[in-house]
Amino acid sequence: MSKPTPISGFPEWLPAQRMIEQNIVERIRATFELYGFAPLETRAVEPLDQLLRKGETSKEVYVLRRLQEEPGAQSADSLGLHFDLTVPFARFVLENSGKLQFPFRRYQIQKVWRGERPQEGRYREFLQADIDVVDRDDLPFHYDTEMPLVIGDAFASLPIPPATILVNNRKVCEGFYRGLGLDDPDQVLRTVDKLDKIGPEKVAALLVETAGATDAQARACLELASISTADASFVDAVRALGVDNPLLDEGLEELVRVVEAGVEHAPGLIRAELKIARGLDYYTGTVYETQLQGYERFGSICSGGRYENLATAGNERFPGVGISIGVSRMLGLLFGQNALGVSRSVPTCVVVALPAEELRPACDRIARSLRSRGISTEVAPSAAKFGKQIRFAERRGIPYVWFPGADGAADTIKDIRSGDQVEADASTWQPTAGDLTPVVSGS
RNA sequence: GUGGUCGUAGCUCAGCUGGUAGAGCACCGGGUUGUGGUCCCGGGGGUCGCGGGUUCAAGUCCCGUCGGUCACCCCA
């Protein structure tokens, strides 16, 4: 059999990277819980009509199919792997609304699948860390202002470059476009979103061509898109463009609240960026996008927004707002730049040296004693020369080697980084706090 | 899904206009008969991503495919 090869878009990290991922996920989880979000996991599959029910394109949904399927089976394409965590969540809320208390806030950290063409930081199977809040009938707006604060805290707890959360509001754009007399806001939005890639001239031309805009209207759209401020001053800039529309007013008012909450909570975290349109099709108001400083060219690693109608069935309506960290994407980018490191490639803190195979039971007792006090320990694989046993630890970044005392002498422990070796008792010895578990750091 | 580009040892790469593979680092062993990281000596390891084709002969040319990456699409 020939050597197996990777499957495009399905990344597998090495243990050191997986330790970093676990560490980061744990910090994100802790922050989510600090804000009172409750844990939730939904199944990997959803009925295809649920996944596609928001109208839109066929997405790149993977369907589930049995290998040994009866020919002509009807239900072949009825299940698909979820491509985000918001749609399954909306379904879950509808299904369990009777058992939940509202407003309901939950987090979900799970794999999702998209059949997109992979490249660095873009995968077909990847991990998302998602928070959402939904309420019955109406969701107070202050939750829109809370989302970026949670993310800001989560990111601040990670060894990564500072994050900037870019915020916009669909109502601002739509209201502005309608106030201008353009009646296909979605088309305008899609076109304006290409601004960074194709430049203002081409966007203007496209607006005239595909959205029925006049040159003046196109220019106004570009001026709106150029507005970017770290405080509420964007309102004046928009007003100066002289467009009047009730939806625009509503959007501006909302956006101001988000930005001001951010300024109060963590200066520099948030920017009002009126050109961003991103996010799935179900967003109706606030939209978020996040860049890491120094990684702007890699795009957003965390995004979300307000959705008014996603969880709706009959008379029941559960508007929500949420945001999702692209954990795999973020890690892939940072790994690619060698921007994350871990102090050792295994959890092990202490290797117990094995003087002779007959002494393995005694060494196992030492290990058991250390483990009982929470110190990750393994016994050397064989009674090789001590030099090799030390090297075994060194290769993995394990900081300590334990030497059982011979002939009744006291045991000793060696810090192989400094070479210091001191007497120690397995029932009381403690590593320094920084050595107990692997340390993840930016680099 | 469309197009571009790349794919030689674990890693970084060399291999001229085709003549059946090399370096550095890493790894293993010995010098150092049980306490490593220096130094010296020696060693293992590659179906040149995979499969076809052209040719007396292909890592080197052609086609396909898989994988990485970039752009489009879309988005974490």
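The chains referred to below are lettered A, B, ... by the order of the sequence lines, with proteins before strands, and numbering in each begins at 1. Because only heavy atoms are used, hydrogens play no part in the values below, and waters and symmetry mates are left out as well, while side chains stay in.
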Whole-Å [atom1] distance, [N] and [M]:
{"N": "B:C6", "M": "B:G36", "atom1": "P", "answer": "49 Å"}
{"N": "B:U47", "M": "B:G4", "atom1": "P", "answer": "31 Å"}
{"N": "B:G15", "M": "B:G19", "atom1": "P", "answer": "13 Å"}
{"N": "B:C56", "M": "B:A71", "atom1": "P", "answer": "45 Å"}

Find which nucleotide of RNA chain B each of A:P118 and A:R329 is nearest to by heavy atoms, and output the residue with the more 5' nucleotide.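 Of the two residues, A:P118 wins.
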Report the residue (A:I301 or A:R297) whose heavy-atom-nearest nucleotide on RNA chain B is the more 5′ of the two.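 First, find each residue's nearest nucleotide; the 5'-ward one identifies A:R297.
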Watson-Crick or G-U wobble partner for [N], using a 3.5 Å limit on both distances?
{"N": "B:G34", "result": "none"}
{"N": "B:A23", "result": "B:U12"}
{"N": "B:U54", "result": "none"}
{"N": "B:G3", "result": "B:C70"}

Just the rounded figure in Å: distance from [atom2] of [N] to [atom1] of [X].
{"X": "A:L292", "N": "B:A76", "atom1": "CG", "atom2": "C1'", "value": "12 Å"}
{"X": "A:E120", "N": "B:G67", "atom1": "CD", "atom2": "P", "value": "18 Å"}
{"X": "A:R122", "N": "B:A76", "atom1": "CZ", "atom2": "P", "value": "10 Å"}
{"X": "A:F298", "N": "B:C70", "atom1": "CZ", "atom2": "P", "value": "7 Å"}
{"X": "A:R117", "N": "B:A76", "atom1": "CZ", "atom2": "C1'", "value": "19 Å"}
{"X": "A:E116", "N": "B:A71", "atom1": "CD", "atom2": "C1'", "value": "13 Å"}
{"X": "A:R396", "N": "B:C27", "atom1": "CZ", "atom2": "C1'", "value": "13 Å"}
{"X": "A:R114", "N": "B:C73", "atom1": "CZ", "atom2": "P", "value": "16 Å"}

Would A:E120 and A:R329 pass as an ion pair if we require N to O under 4.0 Å?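 The answer is no: the pair does not qualify as a salt bridge.
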Using a strict cut-off of less than 4.0 Å between a Lys/Arg side-chain nitrogen and an Asp/Glu carboxylate oxygen, indicate whether A:R360 and A:E358 qualify as a salt bridge.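 Answer for the salt bridge query: no.
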Should the ring pair [X] and [Y] be called parallel, tilted or perpendicular, given that the plane angle runs from 0 to 90° and is split at 30 and 60?
{"X": "A:W113", "Y": "A:H82", "result": "tilted"}
{"X": "A:F403", "Y": "A:F386", "result": "perpendicular"}
{"X": "A:Y307", "Y": "A:Y282", "result": "perpendicular"}

Is the number of heavy atoms from other residues, nucleotides or ligands under 6.0 Å of A:E12 CD greater than 12?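 Not buried by this count: 12 neighbours or fewer within 6.0 Å.
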Any side-chain N or O of [X] under 4.0 Å from OP1/OP2 of [N]?
{"X": "A:K194", "N": "B:C73", "answer": "yes"}
{"X": "A:Q119", "N": "B:C70", "answer": "yes"}
{"X": "A:R395", "N": "B:G37", "answer": "no"}
{"X": "A:K414", "N": "B:G36", "answer": "no"}
{"X": "A:S8", "N": "B:G68", "answer": "yes"}
{"X": "A:S324", "N": "B:A76", "answer": "no"}
{"X": "A:R391", "N": "B:G29", "answer": "yes"}
{"X": "A:Q421", "N": "B:U35", "answer": "no"}

Regarding A:E289 and A:S303, do their side chains bring together a donor and an acceptor under 3.5 Å, going by distance alone?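 No donor-acceptor contact under 3.5 Å links the two side chains.
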Looking at B:A76, B:G34, B:C66, which one has an atom nearest to any side-chain atom of A:K385?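 For the A:K385 side chain, the nearest candidate turns out to be B:G34.
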Would you mind telling me which of B:A76, B:U35, B:G34 lies closest to the side-chain atoms of A:I390?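 Shortest atom-to-atom distance from the side chain points to B:U35.
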Quick one: label A:G332 by what it contacts on the DNA or RNA (base, sugar-phosphate, nothing), any heavy atom closer than 4.0 Å.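 No contact.
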pi-stack flag for A:Y123 and B:A76, centroid dist under 5.5 Å, interplanar under 30°: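 Not stacked by the 5.5 Å and 30° rule.
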